[in-house]
Amino acid sequence: MNIFKNRQNISKPKQLKKAQTSLFVIFGILIFIAAIIGFVVYDNINTKKIEEEAKTADLSLQAEEIEKLVNDCIRKASFEGLKRLGQTGGYLEVPNLINFKGTGYWHLDLVNIQPFLNQTQERLLEHINSNVPKCVDDGQIKQLGFELEKGELKTAIEYGAGDVTIKVNYPLKLSRQDFTKEFLGFFNTFDIRYRAIFEAATELNEKTFDADFDDKDPLKKVDYLKSLDFDVAYKNPETDVLTFTITDKKSVTQENQ
């Protein structure tokens, strides 16, 4: 009886150790499985995050490209308006009554009818405001999957001493799913001395009213304009018609002319 009891007492600790070992093994397996699951979940989350970031970056690039296209269009429309004003004597559409081959008379029947500088500014403003909405191609934007919201269009023009500044405030909001991008305005500067050219042309026009003005030598009194880097030329295409052209060497157009 004593021997049997001793054997029983010895076998119980061994069974307990085996049970504990089994628990540790099971616990280790569970930890390992949990680690694998955690890694897989983390990897999936991280992969999804990278994909979302890549998608957002791609949408941001597309939005910036749209912004560039809109600004390029605004710049083109602005320059075309400036160029037109220069070619016609300050008009976008020359009235038939004062139209001579596409250029407006400034001096007609001994009357000074030249436009004011602020009138040319207003015409340019109207030209830009009518063309800017065309720069936002809703169809093209929708093809890229974006929705577009437009704000109120406001334009400001400044004829500076050495350039022309055009500020177009046109709030645009692009959205696609959870992505949004807003543009508040567009700013462009042209190295064109429009004010200086206009003022030189005004002085030239006023000299045609002088009593000693010689229509056979109409540039006699305007040599000083050369010191301002202006080239002044004239033509006498018809009897009683003089056309003057002022070219500014310092102004640079998009064609670098």
> Would Val132 and Tyr170 satisfy side chain to side chain contact (heavy atoms under 4.5 Å, CB included), going step by step from the backbone distance to the final call?
Replying inline: CA-CA 9 Å; Val132 167; Tyr170 194 28; 3.7 Å; yes
> If we ignore angles and hydrogens, is there a donor and acceptor under 3.5 Å between the side chains of Glu122 and Asn118?
Replying inline: no
>> Do Phe79 and Lys76 make a side-chain contact, defined as non-hydrogen atoms from C-beta onward lying under 4.5 Å apart?
In response: no
>> Can you confirm whether Tyr91 sits close enough to Ile98 that some side-chain heavy atom of one is under 4.5 Å from a side-chain heavy atom of the other?
In response: yes
> Do the side chain of Asn131 and the main chain of Ile74 share a donor and acceptor less than 3.5 angstrom apart?
Replying inline: no
> Heavy-atom distance under 4.5 Å between the side chains of Val232 and Thr245, does that happen here?
Replying inline: no
>> Just checking Glu93: does its CD atom have more than 12 heavy atoms from other residues, nucleotides or ligands closer to it than 6.0 angstrom?
In response: no
> Is a donor on one side and an acceptor on the other found under 3.5 Å between the side chain of Asp214 and the backbone of Lys216?
Replying inline: yes
>> Could you go through Tyr159 and Leu117, starting from their C-alpha distance and side-chain angles, then the distance that decides it, and tell me whether this counts as side chain to side chain contact (heavy atoms under 4.5 Å, CB included)?
In response: CA-CA 9 Å; Tyr159 290 150; Leu117 183 63; 3.7 Å; yes
> Would Tyr234 and Phe213 show up in the same hydrophobic cluster when neighbours are defined by side-chain heavy atoms closer than 4.5 Å?
Replying inline: yes
> Which atom names give the shortest non-hydrogen contact between Asp163 and Thr165, and what distance separates them?
Replying inline: OD1-OG1, 4.0 Å
> Any chain of hydrophobic side-chain contacts (each under 4.5 Å) joining Val222 to Trp106?
Replying inline: no
> How far apart are the closest heavy atoms of Ala200 and Ile246, and which atoms are they?
Replying inline: C-CD1, 3.9 Å
> Would you say Leu108 and Phe244 are hydrophobically clustered, going by side-chain heavy atoms of ILVMFWY under 4.5 Å?
Replying inline: no
>> Pairing donors with acceptors under 3.5 angstrom, does anything connect the side chains of Thr155 and Asn129?
In response: yes
Give the table of side-chain donor-acceptor pairs shorter than 3.5 Å for residues 201-210, with sequence neighbours excluded, one pair per line with atom names and distance.
{"residue": "Thr202", "atom": "OG1", "partner": "Gln114", "partner atom": "NE2", "Å": "3.1"}
{"residue": "Thr202", "atom": "OG1", "partner": "Phe198", "partner atom": "O", "Å": "2.9"}
{"residue": "Glu203", "atom": "OE1", "partner": "Tyr224", "partner atom": "OH", "Å": "2.3"}
{"residue": "Asn205", "atom": "ND2", "partner": "Asn112", "partner atom": "OD1", "Å": "3.1"}
{"residue": "Asn205", "atom": "ND2", "partner": "Gln114", "partner atom": "OE1", "Å": "3.3"}
{"residue": "Thr208", "atom": "OG1", "partner": "His107", "partner atom": "ND1", "Å": "2.9"}
{"residue": "Thr208", "atom": "OG1", "partner": "Asn205", "partner atom": "O", "Å": "2.5"}

> Glu80 side chain to Ala77 main-chain N or O, any donor-acceptor pair under 3.5 Å?
Replying inline: no
> What pairs meet the disulfide bond (SG atoms under 2.5 Å apart) rule with one or both residues in residues 168-202, with sequence neighbours excluded?
Replying inline: none
>> So that I can tick it off, tell me whether Lys221 and Asp212 are bridged by a salt bridge, with the cut-off set at under 4.0 angstrom between side-chain N and carboxylate O.
In response: yes
> Does Phe187 reach the side chain of Val168, with side-chain heavy atoms less than 4.5 Å apart?
Replying inline: no
> How long is the gap from CZ on Phe230 to CG on Leu225, to the nearest 0.5 Å?
Replying inline: 7.0 Å
>> For the backbone of Ile157 and the side chain of Gln121, can you confirm whether one donor and one acceptor N or O come within less than 3.5 Å of each other?
In response: yes
Using a 3.5 Å cut-off and no angle test, enumerate the donor-acceptor pairs between side-chain atoms of residues 63-73 and protein atoms at least two apart in sequence or in another chain.
{"residue": "Lys68", "atom": "NZ", "partner": "Asp72", "partner atom": "OD2", "Å": "2.9"}
{"residue": "Asn71", "atom": "OD1", "partner": "Asn188", "partner atom": "ND2", "Å": "3.1"}

> Can you check whether Asp248's main-chain N or O pairs, donor with acceptor, with Ser251's side chain at less than 3.5 Å?
Replying inline: no
>> Within this structure, what is the CG-NZ distance for the pair Leu174 and Lys181, rounded to the nearest 0.5 Å?
In response: 9.5 Å
> According to a 4.5 Å side-chain heavy-atom criterion applied to Ile, Leu, Val, Met, Phe, Trp and Tyr, with indirect links allowed, do Leu148 and Phe179 form part of one hydrophobic cluster?
Replying inline: yes
> Heavy-atom count around Glu126 CD within 6.0 Å, excluding the residue itself: above 12?
Replying inline: no
>> Before you tell me yes or no, could you show the steps for Arg75 and Phe190 under side chain to side chain contact (heavy atoms under 4.5 Å, CB included), namely the whole-Å CA-CA distance, both residues' side-chain angles and the distance that decides it to 0.1 Å?
In response: CA-CA 9 Å; Arg75 186 172 180 83; Phe190 299 87; 3.7 Å; yes
> NZ/Lys173 to OG/Ser175 distance, rounded to the nearest 0.5 angstrom?
Replying inline: 6.5 Å
> Is there a donor-acceptor pair closer than 3.5 Å between any side-chain N or O of Arg84 and the backbone N or O of Leu92?
Replying inline: yes
>> Under 4.0 Å between a side-chain nitrogen and a carboxylate oxygen: does that hold for Asp231 and Lys249?
In response: yes
> If you measure from NZ on Lys101 to OG1 on Thr243, what distance do you get to the nearest 0.5 Å?
Replying inline: 9.0 Å
> Does a side-chain heavy-atom distance below 4.5 Å link Tyr194 with Thr120?
Replying inline: yes
> side chain to side chain contact (heavy atoms under 4.5 Å, CB included) between Leu172 and Glu182: does it pass, once the steps are laid out?
Replying inline: CA-CA 6 Å; Leu172 301 174; Glu182 295 185 32; over 6 Å; no
>> For Ala161, is there any backbone N or O sitting under 3.5 Å from a side-chain donor or acceptor partner on Arg195?
In response: no
> To the nearest 0.5 Å, how far apart are CD in Glu158 and OG1 in Thr189?
Replying inline: 9.0 Å
> Distance from Asn236 atom CG to Asp215 atom CG, nearest 0.5 Å?
Replying inline: 7.5 Å
> Any idea which heavy atoms bring Pro115 and Gly89 closest together, and the distance?
Replying inline: CG-O, 3.5 Å
> Can you name the closest pair of heavy atoms from Leu242 and Pro218 and give their distance?
Replying inline: CD1-CB, 4.3 Å
> So with a 6.0 Å cut-off around NZ of Lys154, is the heavy-atom count from everything else above 12?
Replying inline: no
>> Could you tell me if the side chain of His127 sits less than 4.5 Å from the side chain of Arg123, heavy atoms only?
In response: no
>> Membership question, hydrophobic clusters at under 4.5 Å side-chain separation (ILVMFWY): are Leu110 and Ile113 in the same one?
In response: no
